[in-house]
Every structure is written in C-alpha cells, then in structure tokens.
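Throughout, residue positions are numbered sequentially from 1 according to the sequence presented. Only this structure's heavy atoms are used, side chains among them; waters, hydrogens and symmetry mates stay out.
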Amino acid sequence: MAEGELPSVLILDIGGTHGVLEDLAALLKKHFHLITMKEFLGNKEEMRKKIQSIFVFECRPTIDRELLESLPNLKVIANSGVGVDHLDLKMISSFGVKVTNTPHAVADPTADIGMALMLASARRLVEGCHIALSPDTKYFAVDWLGVEVTRATLGIIGMGSIGYKVAQRARAFNMRILYHNRNRRRKEDEEAVGAHYCAKMEDLLQQSDFVMLVVNLTPETHKLIGKKELGLMKPTATLINISRGAVIDQDALVEALQNKVIRAAALDVTYPEPLPRDHPLLNLSNVIITPHIGTATVQAIRMMAEEAIANMLAALNDQPIPSEVFPK
C-alpha cells in the first residue's frame, strides 16, 4: 500500500437490498477505500492483494474458504453486530485472519426490543391495532383482555450484557427477575437489579410468566427450547426470543402455541429469516414476529459501524483490538 493510500475493505455493496447503508458507507470512506464484491469479482487479479479487511453487514458478504484463499493479505473480518454464528471462526483463524464484533453498540437497543416485545404481547397490541383499524369494527369488546407485566415474573436465559440490561429495565416494572446463565453473576450485580439465579433452567421455566432468550447461538444452545422445555412452562406464560431463531425448536413451538401449552410467543428472530410465507407460525394469533430489528436504530447502526472501524484500524496497525472474537 502506497504512503497516504487508504487501506482497502471489501463489502458486499453500497445501498440496495443487501448492501451497506449509504450513510455507513460514507463513514467507512473516511478511513478505507471501499471495494464492492462486484468490483472484486470483476477484477480479481488487481483487487485481491489490496484487500486487507472485510466489513460484514447483515451477515454479508458470505465468508467461505474460496474467498479467504483468494485474499492473501487479508488481516481482519469486522462483523457489524455481536452474533458471529454465521462465521466459521476456526476456518477463518486457520488463515491467520482475526474476527471482531460490536458488543457495545447492540446491548441497549436489543434490550429495548425485548421489553417492547414483552409489552406488546402481554397487552396484545398487534391484535388490538388490527381491531381498531378494521373497517368491520363496530364496537370494542369488553372481554378482550391482556395480562400485566408489572409485578410478573421474568425469567432471563442468558445474563450477558444484553440480558443484564433487560433486567435493569424490568426492575422498573417491579418484576420478579430470575436468570439462568453458564456462570453466575457477581452478588453485587444480582443485588443491583434484584435478580435471582437459577442453576437449573427447568426451575426458571416453571416459575416464569415471561421467558426471554438472550443467548448466543452455539452447538450447546441450538434448539435449547424444545417440546420438553415448553411443557415445563406455565400455560399462561409467554416466550420471547431476541437471540437467534435456531435457539428454539420451531416445530415444537408451533405445536405448543396451537395447543395452548403456553399463552403466546414474541419473536424478533426466526429460522430461516424471513420464514416461508406458508409457515404455520405466520397464521397464529398468539404470536408476534418482527423482522430481526433488535439493533435496527439509527444510533445503533452508526455505533456498530464506528466500533467495527475501530476494530479494523487496530488490527491493521497491529494494535490491541477492542472487540476480538476468538474461536472456541
């Protein structure tokens, strides 16, 4: 790279259906020369040695062995977002390439969407909106009831930074907070939000009015919630997922919702995304599904880009990387 020349970063595209948002592209351009996948594929021989980093936005571009083999000077892959289950960390590491994510930018907006889904499901806001807007509505039924969040029991599965921020918000609703995590939090952390540790997930499921999933997708958490776990929940309970769709056995969830094993579900994530248009989850009145918008705020998207930029610059300058992700 010539003196004064910006380092090159590979992105899928700018704008369009799957490309990097134009505002974020403008931010990246302050520090990098952007090369789109189309430009790279159209002139591989010239581009392949220039590219030192890849910016992954909304899980794109796809990182596979063929791409890694074609980029001899690649040093870092910067993922926008905290989840890296779409990246083969061991394979990437075998090429001597570092992976980073953006945990600090995602915690607050993801906790917010968790609370939004819980409230919307409890008070049946989506159904209520349809009733209020329907041309067929002549009166509002007096027996159309939701349930209260205030003083209810919330079970949080996964008490990392996002789960803890959910607990902070839930405390303002005077909720009884239970949590299950691989590692118990410090006593001071628990006391600050009034959270009680459940060493067994089963205990949490049996006691909770709302169960919120806030875990990373790993082989251990794949289909963490299945028929057995749903059967342990109260028939009046609601399942909320703000982690990854594959954490839930969706066939078991459909059956549980249809048979009133649980009251309702509120999902910001599914598997796949979006669901096929004929998927049974889409036709159930006791489910809310949003299009994976946990971090979809103006502020969060910009913060993620800034965090990713800091990670890439640190890696390219052989400095300590703020948010490096290591293969297990």
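Hydrophobic clustering of Ile, Leu, Val, Met, Phe, Trp and Tyr side chains at less than 4.5 Å, counting indirect connections, unites Val211 with Val254. Under the 4.5 Å side-chain heavy-atom criterion for Ile, Leu, Val, Met, Phe, Trp and Tyr, Ile77 and Phe95 are members of the same hydrophobic cluster. Linking Ile, Leu, Val, Met, Phe, Trp and Tyr whenever their side-chain heavy atoms come within less than 4.5 Å leaves Ile113 and Val298 in two separate clusters. Hydrophobic cluster membership is shared by Ile262 and Leu282, with clusters built from Ile, Leu, Val, Met, Phe, Trp and Tyr side chains linked at under 4.5 angstrom. A continuous path of hydrophobic side-chain contacts links Val82 to Val20 [ILVMFWY only; heavy atoms under 4.5 Å].
Checked by atom type and distance alone, the side chain of Asn181 never pairs as donor or acceptor with a backbone atom of Arg184 at under 3.5 Å. Not a single donor-acceptor pair under 3.5 Å links the side chain of Glu58 to the backbone N or O of His18. The backbone N or O of Glu39 sits less than 3.5 Å from a side-chain atom of Thr36, completing a donor-acceptor pair.
The closest side-chain heavy-atom distance from Ile11 to Ile35 is not below 4.5 Å. Between Leu6 and His31 there is no side-chain heavy-atom pair separated by less than 4.5 Å. Within the 4.5 Å cutoff, the side chain of Ile309 has no heavy atoms near those of the Asn311 side chain. Between Ser8 and Phe32, every side-chain heavy-atom pair lies at or beyond the 4.5 Å cut-off. Looking at Phe40 and Ile51, their side chains come closer than 4.5 Å, going by heavy atoms from C-beta outward. Taking the side chain as every heavy atom from C-beta outward, Leu154 and Ser208 never approach each other to under 4.5 Å. Residues Ile225 and Ile157 have side chains in contact (heavy-atom distance under 4.5 Å, counting atoms from C-beta outward). Between Leu253 and Leu281, the closest side-chain pair of non-hydrogen atoms falls below 4.5 Å.
When all heavy atoms of Leu89 and Phe326 are compared, the closest pair comes out as CD1-O, 4.0 Å. Smallest separation of non-hydrogen atoms from Arg185 and Ser161: NH1-N, 4.5 Å. Between Ile54 and Met312, the shortest heavy-atom contact is O-SD, 4.3 Å. Looking at every heavy atom in both residues, Ala315 comes nearest to Ile321 through CB-CD1, 3.7 Å. Taking each heavy atom of Lys49 and Pro72 in turn, the nearest pair found is CG-CG, 4.1 Å. Of all heavy-atom pairs spanning Val215 and Gly158, the tightest one is CG1-CA, 3.8 Å.
Listed by chain and residue number, Lys227 satisfy the salt bridge (Lys or Arg N to Asp or Glu O under 4.0 Å) test with Glu255 (two or more places apart in sequence, or in another chain). In this view, Lys260 satisfies the salt bridge (Lys or Arg N to Asp or Glu O under 4.0 Å) rule with no residue, not counting sequence neighbours.
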Should Thr218 and Lys328 be marked as a side chain to side chain contact (heavy atoms under 4.5 Å, CB included) after you check the CA-CA gap, both sets of side-chain angles, and the distance that decides it?
CA-CA 10 Å; Thr218 66; Lys328 291 184 178 179; 4.2 Å; yes
Output, in order, the C-alpha distance, side-chain angles, deciding distance and verdict of side chain to side chain contact (heavy atoms under 4.5 Å, CB included) for Tyr164 and Val193.
CA-CA 8 Å; Tyr164 194 76; Val193 294; 3.7 Å; yes
Criterion salt bridge (charged side-chain N to carboxylate O under 4.0 Å, His left out) on Arg169 and Asp112, from CA distance to verdict:
CA-CA 8 Å; Arg169 287 153 173 74; Asp112 286 350; 2.7 Å; yes
Please lay out, stage by stage, how Ile92 and Ile63 fare under the test side chain to side chain contact (heavy atoms under 4.5 Å, CB included).
CA-CA 8 Å; Ile92 294 169; Ile63 309 298; 4.1 Å; yes
Report the C-alpha separation of His104 and Glu307 in whole Å, then their side-chain angles, then the decisive distance to 0.1 Å, and conclude whether the side chain to side chain donor-acceptor pair (under 3.5 Å) test is met.
CA-CA 8 Å; His104 304 103; Glu307 205 170 337; 2.8 Å; yes
Step by step, work out the side chain to side chain contact (heavy atoms under 4.5 Å, CB included) result for Ile242 and Met212.
CA-CA 7 Å; Ile242 55 172; Met212 194 175 300; 3.9 Å; yes
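Sorted by first then second residue, the side chain to side chain donor-acceptor pair (under 3.5 Å) pairs that include residues 70-90, not counting sequence neighbours, are Asn79-His86, Asp85-Arg244. Identified under the side chain to side chain donor-acceptor pair (under 3.5 Å) test for residues 280-294, with sequence neighbours left out: Asp268-Thr290, Glu273-His292. Residue pairs satisfying the side chain to side chain donor-acceptor pair (under 3.5 Å) criterion with at least one member in residues 132-155, sequence neighbours excluded, are absent. Each side chain to side chain donor-acceptor pair (under 3.5 Å) pair with one or both residues in residues 117-129, not counting sequence neighbours, appears once here: Arg124-Glu127.
Between the CG atom of Leu24 and the CD1 atom of Ile14 there is a distance of 10.5 Å, given to the nearest 0.5 Å. If you take CD on Glu229 and CG on Leu224, they are separated by 6.5 Å, rounding to the nearest 0.5 Å. Here the CE-OG1 distance, from Met303 to Thr297, works out to 9.0 Å after rounding to the nearest 0.5 Å. How far OG of Ser53 is from NZ of Lys98: 14.0 Å, rounded to the nearest 0.5 Å. Taking CG from Leu204 and CE from Met233, the interatomic distance works out to 9.0 Å, rounded to the nearest 0.5 Å. Between atom CG of residue Leu10 and atom CG of residue Leu74 there is a gap of 8.5 Å, rounded to the nearest 0.5 Å.
Residue Leu213 forms a side chain to side chain contact (heavy atoms under 4.5 Å, CB included) with just one option from Ile248, Ile156, Ile240, and that option is Ile248. Evaluated for a side chain to side chain contact (heavy atoms under 4.5 Å, CB included) with Leu117, the options Ile289, Thr238, Ile288, Leu125 yield exactly one hit, Ile288.
A salt bridge links Asp209 and Lys234; the closest N-O separation between the charged side-chain nitrogens and carboxylate oxygens is under 4.0 Å. Lys38 and Asp13 are not joined by a salt bridge, as no carboxylate oxygen comes within less than 4.0 angstrom of a charged side-chain nitrogen. Electrostatic pairing of Arg186 and Glu190 does not count as a salt bridge here, judged by no charged N lying under 4.0 Å from a carboxylate O. In summary, Lys223 and Asp251 do not engage in a salt bridge, as defined by a charged side-chain N under 4.0 Å from a carboxylate O.
A donor and an acceptor atom, one from each side chain of Asn241 and Ser243, are located under 3.5 Å apart. Under the 3.5 Å distance criterion, with hydrogens and angles disregarded, no donor-acceptor pair is assigned to the side chains of Arg263 and Thr236.
Aromatic ring pairs are classed by plane angle as parallel below 30°, tilted from 30° to 60° and perpendicular above 60°; the pair Tyr179 and Tyr197 is tilted.
The 12-atom threshold is exceeded at CD of Glu188, counting heavy atoms of other residues, nucleotides or ligands nearer than 6.0 Å. Glu324 CD: more than 12 foreign heavy atoms inside a 6.0 Å radius.
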